[in-house]
Amino acid sequence: MADEKKLTTRAEDFSAWYNEVVLRAELADYSPVRGCMVIRPNGYGIWERMQRALDDMFKATGHQNAYFPLFIPESFLQKEKDHVEGFAPQLAVVTHGGGKKLDEPLIVRPTSETIIYSMFAKWIQSHRDLPMLVNQWCNVVRWEMRTRLFLRTLEFLWQEGHTAHATHDEAEEEARQMLGIYRDFQEGWMAMPVVTGLKTDSEKFAGALRTYGLEAMMQDNKALQAGTSHNLGQNFAKAFDVKFQSESGASEYVWSTSWGVSTRMIGGLVMTHGDDNGMRIPPLLAPIELVIVPIYKTEEERSQMLEAGKRLVTSLHEWERRRPGQLRVHLDARDGVKPGAKYYEWELKGIPLRLELGPRDLAKNQCVLVRRDSREKKPASLDTIGEDVSEALIRMQEDMLIEARERREANSVREPISYDKFRQLMDGKGGFVYAGWCGSAECETAVKEDTKATIRVLPDEEFRSADAPTHCLKCGKTASAEALWAKAY
RNA sequence: CGGGACGUAGCGCAGUCCGGUAGCGCACCUGAAUGGGGUUCAGGGGGUCGCGGGUUCAAAUCCCGCCGUCCCGACCA
């Protein structure tokens, strides 16, 4: 660990604070390869929890996992014009194999639409083969110019769902459904509130008809795109000749969707919930929910506390067996590390609950329970500890979402705002601004040049203001939509 | 690719201006005491000073070239 005891406050420099937390909480590390990231066991444990929760949601909505190749023939990408144009600048290309120059270069997948549709073309013949609902967990490579741990690395882990449907409306419904599932996950599991909505053309996925996105607000008031869901229309179906015979016997192109979320969400978790003591992990995603720290002086006390600690672990497991899942509890039995040092370490790593157990407690058949989010300490009886732990974890999960939502609302502007005021705001503390947009790409670009802010989404109905804005933020002409403007990662 | 800063032990840095035996803090190892919010003491290991060339009796230090990292732009989940 670095020598500084305290983390840099994020008020001074949020980026430096973020890097410190990610490195010191042992979520990730820099790799010998520029722009690539090593995800350490602590960070990967969170990713595994995310994967499991999402995978269950995908399965519950009829999706199945599959796996497609890492390498994509260059010609595949060129079949969809917008797609290749969108991704060309950030492709990693393999030109040699087996010591020889390849006849056709292979692209390391930046996303798998092309290779998957080439297979869909073989697999789909009849309307009875539809809908085809697949998902894959994999890594992808995008050669970014500037990288940042979790948020933008050359290689990252993600999940990409790909579906094919008989009609436009079914595909649209699927794209919307998956957006809803992402929202449920991000709010319910990550305690990270999001605004959902439609992306404008400038931020649309290369080759999509429509792109929907989820935007979360980080603690520096910048937006983080937390996931996307695309209605691809028939663009890829036409490029890869994915056709089916309909009930009426006609040959038709399928309508498809794709959607994904990545390890970027771990970065979002840090920037949503972290504080000056390090990481705070919402209980549902914490690899360890409760850590027991024994306190002792003598060797005799030490063995007593460890014994009591082990009994506690067992009784907590038994308690949880009456409920779904099993409590993820760790007894920190390390000798030679003082309790105080252990407290700081587990707080830095964001473990939701700490249970302190010492001779004085044991004599009174109690312990001290400490919540990571509020650092609130309170004594708890060992007889009812299971209930207290469950209760605290549930409350903490709820409180973290409430806290994040309140912070977001406090930094959102819904009142009409002049362009000058808007520029000042974006130049200063930033935030989410809900304001009108005339629908022209020119205004969007001009605002980006002036302020670095962009339209994150055209928010879905429930996020729109009670009084719809009437004029465009930039040009003042009649607004065709309400837009969420913000600076973004 | 443009503008700026930096590269010395695992991490963070001093030393560079003004050339003369490679330093500090943390981490690590050993031992003892300590233990309810980041323990203390003692001892110890660890370095081609980013790489290459030049100047010099002598280079971490001066000169030239290259490489790399970070920050600010262009690119982006």
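Residue numbering restarts at 1 for every chain, and letters A, B, ... go by the order of the sequence lines.
- The shortest side-chain heavy-atom distance between A:Val447 and A:Tyr419 falls under the 4.5 Å cut-off.
- Below the 3.5 angstrom threshold, one finds no donor paired with an acceptor across the side chain of A:Lys377 and the base of B:G36.
- Annotation: of the two residues near RNA chain B, A:Val368 and A:Tyr30, the 5′-most nearest-nucleotide partner is A:Val368.
- Across B:C6 and B:G43, the matching P atoms stand 37 Å from one another, rounded to whole Å.
- In this structure, A:Tyr212 places its OH atom 18 Å from P of B:A77, rounding to the nearest Å.
- With respect to the salt-bridge test (charged N to carboxylate O, under 4.0 angstrom), the residues A:Asp82 and A:Lys204 do not qualify.
- In terms of polar N and O atoms assigned as donor or acceptor, the side chain of A:Glu347 comes within less than 3.5 Å of the base of B:G37 in a complementary pairing.
- One atom, CG of A:Leu149, and another, C1' of B:A77, lie 15 Å apart when rounded to the nearest Å.
- Remark: A:Gly358, A:Pro359, A:Arg360, A:Asp361 in residues 357-365 of chain A come within less than 4.0 Å of RNA chain B through at least one heavy atom.
- Spacing between atom CZ of A:Arg375 and atom C1' of B:G37 amounts to 8 Å, rounded to whole angstrom units.
- Whole-Å rounding puts the A:Glu356 CD to B:G38 P distance at 12 Å.
- Between A:Trp158 and A:Phe156, the angle of the ring planes goes over 60°, which puts this pair in the perpendicular group of the 30/60° scheme.
- Here A:Arg407 pairs with A:Met217, A:Gln219, A:Thr272, A:Ala404, A:Asn411 under the side chain to side chain contact (heavy atoms under 4.5 Å, CB included) rule; sequence neighbours left out.
- Looking at the side chain of A:Thr153, the nearest of the listed nucleotides B:A74, B:A77, B:G35 is B:A77.
- Aromatic ring centroids of A:Trp47 and A:Phe150 lie 6.0 Å or more apart.
- Per the geometry, CE belonging to A:Met50 stands 19 Å off P belonging to B:A77, to the nearest Å.
- Proximity of A:Lys338 to the phosphate of B:G36: a side-chain N or O atom is located under 4.0 Å from OP1 or OP2.
- Summary of the strand contacts: A:Gly35 and A:Glu299 both lie near RNA chain B, and taking for each the nucleotide with the nearest heavy atom, the more 5' one is attributed to A:Glu299.
- With B:A77, B:A74, B:G73 as the candidates, the nucleotide lying closest to the side chain of A:Lys452 is B:G73.
- Contact annotation: side chain of A:Asp335 to base of B:G35, donor-acceptor pair present below 3.5 Å.
- In this structure, A:Glu376 atom CD and B:G37 atom P are separated by 18 Å, rounded to whole Å.
- Residues passing the side chain to side chain contact (heavy atoms under 4.5 Å, CB included) test with A:Asp56, sequence neighbours excluded: A:Arg52.
- Distances from the side chain of A:Met145 to the nucleotides B:A74, B:G35, B:G37 place B:A74 closest.
- Centre separation under 5.5 Å together with a plane angle under 30° does not hold for the ring of A:Tyr343 and the six-membered base ring of B:G37, so they are not marked as stacked.
- Taking the charged nitrogens against the carboxylate oxygens, A:Glu215 and A:Lys199 do have a contact shorter than 4.0 Å, which makes a salt bridge.
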